[in-house]
Structure formats: C-alpha cells, structure tokens
Amino acid sequence: MPANALDVLDARGLISAASDADALRRALDRPLTFYVGFDPTATSLTAGHLVTLMMAHHLEQAGHRPILIAGGGTGMIGDPSDRLDTRALLTHEDVAANVAAIRTQLERFVDLSEGDALVLNNADWLAELGYLEFLRDIGRHFSVNEMLATDTYRNRLDAGENLNFIELNYRLLQAYDFLHLYREYGCTLQIAGSDQWSNILAGVDLIRRVERTQAFGLVAPLLTTAEGAKMGKTAAGAVWLDPGRRPPFDFYQFWINLADGLVAQALGMLTTLPMSEVAALRDLRGPDVRRAKQALAHNVTATVHGREAADAARETARSLFADATGDAEAVPTTLVTAAELEAGISIVDLLVRTDLAPSRGAARRLIAQGGAYVGESRAADPEAIVNRSQVPDDGLLLRAGRKRYHRVVVGP
RNA sequence: GGGUCGGUGGGUGAGCGGCUAAUACCACCGGACUGUAAAUCCGGCGCCUUUACGGCUACGUAGGUUCGAAUCCUACCCGGCCCA
C-alpha cells in the first residue's frame with residue numbers, strides 16, 4: 001500500500017492549504033482526476049511554475065490522473081491575483097502560439113505518452129459560452145460582496161488601483177473550468193500555488209452548489225526570494241524553462257546561485273530526490289551548503305532539460321568554478337563568422353553580441369570597472385580588437401563579472 | 001455625463017519655467033571580501049560616439065506659449081475619488 005499522495009506532498013513541503021484535508025486524504029486513497037491550469041502569458045513556463053508542476057508530478061506518480069490546462073480562454077482575460085496593475089490583454093494569436101509552446105514543456109513533468117493524462121485548452125469550452133446563459137447559470141452563484149472581501153480584489157481597491165470588469169470575472173471563469181472538468185472528466189481536485197487559493201475555493205463552492213458534490217482544492221506555498229518577491233524572475237529576465245530562452249547551463253547556475261535560506265525548501269518542493277536524501281542535504285552547513293545546491297541544481301535541471309544537459313552543466317560549472325579540469329562544453333555559445341573575425345571585432349561589440357552586456361555603453365562600463373575578461377585576462381582597453389588568431393578551436397571564453405560566461409566560436 | 005485630483009526612468013516616488021538625463025529609496029550591474037551564499041564597504045546604473053564643459057532621445061499622446069518646459073496653456077487618451 002503506497003503512501004497517500006497527500007502525505008507525500010506534505011512531507012515535501014508542497015502543501016500550504018487544503019480545502020478539507022481529511023476528506024481529501026480519503027479521496028486520494030483511490031485514483032482520482034485532478035487538474036492544474038497555466039496561464040499562457042508567454043511562450044515558455046518559468047521556474048515559478050515548477051512548484052505546481054512538481055505537485056502534479058507527484059500526484060501522477062501516486063496513480064492519479066492529471067489534466068493540465070493551458071488557459072487559452074482565461075489567458076484572454078488575465079488573472080489579477082497578486083497584482084496591483086492591470087494585465088495587458090493578449091491577442092488570440094499570441095495565446096494560441098503560447099499554448100502550443102507550453103504544451104511540450106508540460107510533458108517533462110507529467111507522462112502524457114500513456115495512460116489517460118490530458119492536456120486541454122479551456123478556450124475549447126469557454127469560447128462557446130453564451131453570455132446570458134453563463135450569467136444565469138453560473139453568475140448567480142457568486143456574491144460580489146464576498147468577492148470584494150477577498151484579498152485579491154480588496155488589495156486592488158485599497159491601493160486605489162483600477163479593477164475592471166474583465167478581471168472581476170476571472171474567478172468565475174476559473175470556477176467554471178473546474179465545474180466543466182468535473183462534469184466531463186470527473187475531476188474532483190484542483191491544485192495550484194497559494195495565490196490561487198480563493199479562485200480554487202470559488203470552484204469548489206460552485207461544484208457543491210450546482211452538482212451537490214464535494215470537490216477539493218490544494219495549494220502549495222509560493223517559493224519566494226529572500227526579499228519575499230515571487231521567485232522565477234531575475235533582473236536578467238524570467239528563468240525560462242525553454243532552453244532557447246535560458247540555456248541549460250544558465251538554468252543550472254540559477255539554482256547554484258540561490259540564496260542559502262531557500263535551499264532546504266527548494267530541495268523538498270522541486271526535486272525528485274528521496275526525502276531521506278533531502279534530509280541529509282538539509283543538514284549541511286556553511287560552505288557545504290554548496291553540495292546541497294549542486295544536488296538541487298542537477299536534479300531540477302535534469303527534470304527540465306534531461307539528464308545529459310544536467311551532467312554537462314555540472315561538469316562545465318566544475319571546470320569554471322572549481323578545478324579547472326574538464327571543459328566548458330555547456331557554456332552558452334555565440335557563433336561569429338570567420339570573415340568578421342578576420343576583420344577584427346571590438347571587445348565591446350563582442351560583449352553586446354553575446355548578451356553579456358545590454359548595450360555598448362554598458363559594455364564599456366563593464367570594462368572600465370574591471371568586470372570583463374577575455375579568456376583568462378581582464379580586459380582593460382575598451383578599444384581592443386579580437387582577431388581570428390585569438391579564438392581557439394573550442395572557442396574563446398568571455399566572462400562578465402565573477403560568474404557570467406559566454407563562449408565565442410568561429411562559425412560559417 | 002458633471003466635479004476634482006493625478007499620469008515621471010525596472011518599482012515606489014521627488015521635482016513644478018533654466019542650476020535636471022532628471023533627488024531619494026528599492027531592485028539591478030561591477031569591484032573588494034567570501035562558499036559560484038548572505039552581510040558589509042566602494043563604484044556604477046537612458047542611448048550613441050572621435051569619452052567631450054559632445055550629440056541624441058526621454059517625464060501619458062499631440063499641438064502651443066517661451067530665448068528656454070517634466071515643469072505654463074489647449075485638446076485628446078488613461079486612472080483614483082465624489083456626484084449622477
């Protein structure tokens with residue numbers, strides 16, 4: 001008899017609230033169908049989505065059926081949760097493209113190849129809703145007083161920010177999704193991050209009122225930075241799961257560079273390591289915390305980008321930061337044509353080309369402040385030119401600051 | 001629809017005719033120290049360049065007044081509050 005999924009999630013620190021824990025535990029004794037939604041606001045998911053993806057992963061492992069919703073319908077609206085500003089509306093085309101792109105990423109976490117796991121687009125049922133019908137059948141179950149009393153909406157009002165009608169309706173649509181999935185697929189559990197708690201409860205309530213059935217909600221704590229900000233974004237941009245937007249090596253490095261205080265939590269929530277191993281890693285102190293970070297980074301990178309990419313990232317990181325053995329295979333690479341190199345490229349241009357500097361001015365600044373390296377040597381002269389002869393066959397390694405690396409390779 | 005207040009750089013938010021590429025704080029970047037961590041200290045943080053008391057662009061949008069405008073005027077767009 002395998003452990004109850006609720007206990008598995010709880011042990012990993014993935015539960016922040018459950019709508020009726022005792023009844024849910026009983027329900028999880030037998031296979032059930034659960035769902036989790038993702039807003040298609042970009043062509044890639046980010047590190048911030050990992051928490052719910054892992055929840056789904058563990059539930060599936062425990063024998064439950066996942067339904068993953070790429071929210072093409074709700075994505076048209078924009079979730080106001082946790083935001084004080086109004087979201088920009090996405091076009092139909094954007095949403096469709098994003099949904100398609102995200103779908104492939106979901107497969108990393110949930111096995112869609114066999115069994116009856118589903119990926120659905122809620123636009124399929126939301127788009128055909130009749131307004132009058134929706135108001136009459138669904139809208140009547142929602143109290144505006146109650147909605148305005150919840151943090152999500154009250155914060156907006158208290159802050160003197162605009163809250164438009166579209167956003168007020170987001171909750172109804174999400175609740176309707178849950179109802180629809182219950183009716184069509186027998187889905188009785190919705191999971192998400194804790195910012196979705198009240199939206200989920202709205203769905204649970206709706207199902208109870210309309211179907212006279214108990215459904216459940218389960219939310220995970222949000223991983224936050226040391227400052228309490230939502231994790232998953234850095235100044236350099238979001239931590240995309242798409243290898244094209246955030247190379248696996250950089251993704252690995254993101255986890256290595258995580259603040260110590262977050263490591264214990266992240267090990268439980270985001271890795272697939274057995275809890276016995278997690279417990280041991282959590283006991284590490286001082287410089288040894290790096291070992292925990294390596295385990296974290298490798299495991300998460302392997303989940304997202306595959307074992308091979310994770311191994312390569314780890315080897316490269318070791319050679320760059322530890323022993324300087326091994327090679328820098330996995331460092332993000334930019335191709336520069338032989339012709340360009342024959343003519344010579346200024347170091348400033350190269351820093352911009354490789355995204356190590358956002359502008360030429362920033363590149364000059366970087367050099368002036370002593371933060372730019374070409375190979376092993378610190379670049380002192382912003383006017384310096386890099387020639388073909390300076391680029392070895394395996395590429396010229398550029399460095400910005402202490403730990404941002406990029407390689408230049410002679411291309412066609 | 002009426003009244004009123006407001007829209008400034010990634011965020012909060014000063015400035016209210018020249019001294020302002022624009023105070024301050026946060027975030028961020030580089031250096032030192034370290035454990036590829038945190039804290040701390042130092043420097044930086046619109047774009048371009050021949051790096052210069054240089055050029056260009058920028059304070060919701062479009063015009064206007066002025067030798068000179070983020071700062072004044074007009075119209076429009078967007079938002080808060082009050083009234084309907």
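So you know, we letter chains A, B, ... as the sequences are listed, proteins then strands, and number each from 1.
- Atom CZ of A:F165 is separated from atom C1' of B:G79 by 19 Å (rounded to the nearest Å).
- When the C1' atom is compared between B:G10 and B:A58, the two are found 15 Å apart, to the nearest whole Å.
- Here A:R290 contributes atom CZ and A:I256 contributes atom CD1; the two are 9.5 Å apart, rounded to the nearest 0.5 Å.
- Of the listed nucleotides (B:A32, B:G35, B:A37), B:A32 has the atom at the smallest distance from the side chain of A:R378.
- Centroid-to-centroid, the aromatic rings of A:F34 and A:F178 stay 6.0 Å apart or farther.
- Shown here, B:A69 forms no base pair; nothing in the strands shown gives a Watson-Crick or G-U wobble contact with both key distances under 3.5 Å.
- Taking atom CG of residue A:L284 and atom C1' of nucleotide B:G35, one finds them 13 Å apart after rounding to whole Å.
- For the P atoms, the distance from B:U20 to B:A39 is 33 Å, rounded to whole Å.
- The side chain of A:L366 sits closest to B:G30 out of B:G35, B:G30, B:A37.
- With a 4.5 Å cut-off on side-chain heavy atoms, A:L28 and A:H64 count as touching.
- Candidate nucleotides B:A32, B:G79, B:U36 were compared by shortest atom distance to the side chain of A:N162, and B:G79 ranks first.
- One can place CD1 of A:I367 at 15 Å from C1' of B:G31, the figure rounded to the nearest angstrom.
- Put simply, CG on A:L258 is 12 Å from P on B:A37, counting in whole angstrom units.
- For B:G46, the OP1/OP2 oxygens have no side-chain nitrogen or oxygen of A:S359 closer than 4.0 Å.
- Counting any heavy atom pair closer than 4.0 Å across all strands shown, A:R365 reaches sugar-phosphate atoms only and no base atom.
- Across all strands, A:A400 comes closer than 4.0 Å only to sugar-phosphate atoms, never to a base (heavy-atom distances).
- For A:R404, the listed nucleotide lying nearest its side chain is B:C29; candidates were B:U36, B:A37, B:C29.
- When both distances must be under 3.5 Å, the Watson-Crick or G-U wobble mate of B:U51 does not exist.
- Judged by distance alone, with hydrogens and angles left aside, the side-chain atoms of A:H57 form a donor-acceptor pair with the main-chain N or O of A:F109 at under 3.5 Å.
- Within the 4.0 angstrom heavy-atom criterion, base atoms lie near A:G286.
- Listed candidates were B:U36, B:G80, B:A37. Nearest to the side chain of A:N257 is B:U36.
- When the options A:R245, A:Q105, A:R246 are evaluated for a side-chain hydrogen bond (donor to acceptor under 3.5 Å, both in side chains) with A:S44, the one that passes is A:Q105.
- Two rings, from A:F249 and A:Y405, have their centers 6.0 Å or more apart.
- Within the shown strands, B:G3 is the pairing partner of B:C81 under the Watson-Crick or G-U definition, both distances less than 3.5 Å.
- Spacing of P atoms, B:C78 relative to B:U61, comes out at 15 Å, to the nearest Å.
- As rounded to the nearest Å, B:U12 and B:G7 have C1' atoms that lie 15 Å from one another.
- Phosphate contact (OP1/OP2 of B:U49, side-chain N/O of A:R360, threshold under 4.0 Å): present.
- Of the candidates B:G35, B:C29, B:U51, B:U51 carries the atom nearest the A:R364 side chain, counting heavy atoms from C-beta on.
- Where A:G261 and A:L157 each meet RNA chain B at their nearest nucleotide, the meeting point lying more 5' is that of A:G261.
- Ranking B:U36, B:A37, B:G30 by closeness to the A:Q369 side chain, first place goes to B:G30.
- Sequence order on RNA chain B of the closest nucleotides to A:A372 and A:D288 puts A:A372 first from the 5' end.
- Evaluation of the side-chain contact (heavy atoms from CB on, under 4.5 Å) rule for A:I385 yields A:S346, A:N387 as partners, not counting sequence neighbours.
- A gap of 41 Å separates the C1' atoms of B:C82 and B:C19, to the nearest Å.
- In this entry the distance linking NZ of A:K403 with P of B:G35 reads 13 Å, nearest Å.
- The CH2-P distance, from A:W255 to B:G35, rounds to 24 Å in whole Å.
- Comparing B:G11 with B:U4, their P atoms are spaced 30 Å from each other, to the whole Å.
- Distance check on atom C1': B:G55 versus B:U49 gives 8 Å, rounded to whole Å.
- When each of B:A37, B:A32, B:U36 is scored by its nearest atom to the side-chain atoms of A:D260, the top-ranked nucleotide is B:A37.
- With rounding to whole Å, A:R399 atom CZ is found 12 Å from B:G30 atom C1'.
- When the P atom is compared between B:G31 and B:U23, the two are found 25 Å apart, to the nearest whole Å.
- Aromatic rings from A:F251 and A:H305 are positioned such that their centres are separated by under 6.0 Å.
- As rounded to whole Å, 12 Å separates atom P of B:G30 from atom CG of A:L351.
- Listed nucleotides: B:G31, B:A37, B:G44. Nearest to the side chain of A:K293: B:A37.
- Here A:R290 does not reach the OP1 or OP2 of B:A37: none of its side-chain N or O atoms lies under 4.0 Å away.
- The partner of B:G30 is B:C42, judged by Watson-Crick or G-U wobble contacts that both fall below 3.5 Å.
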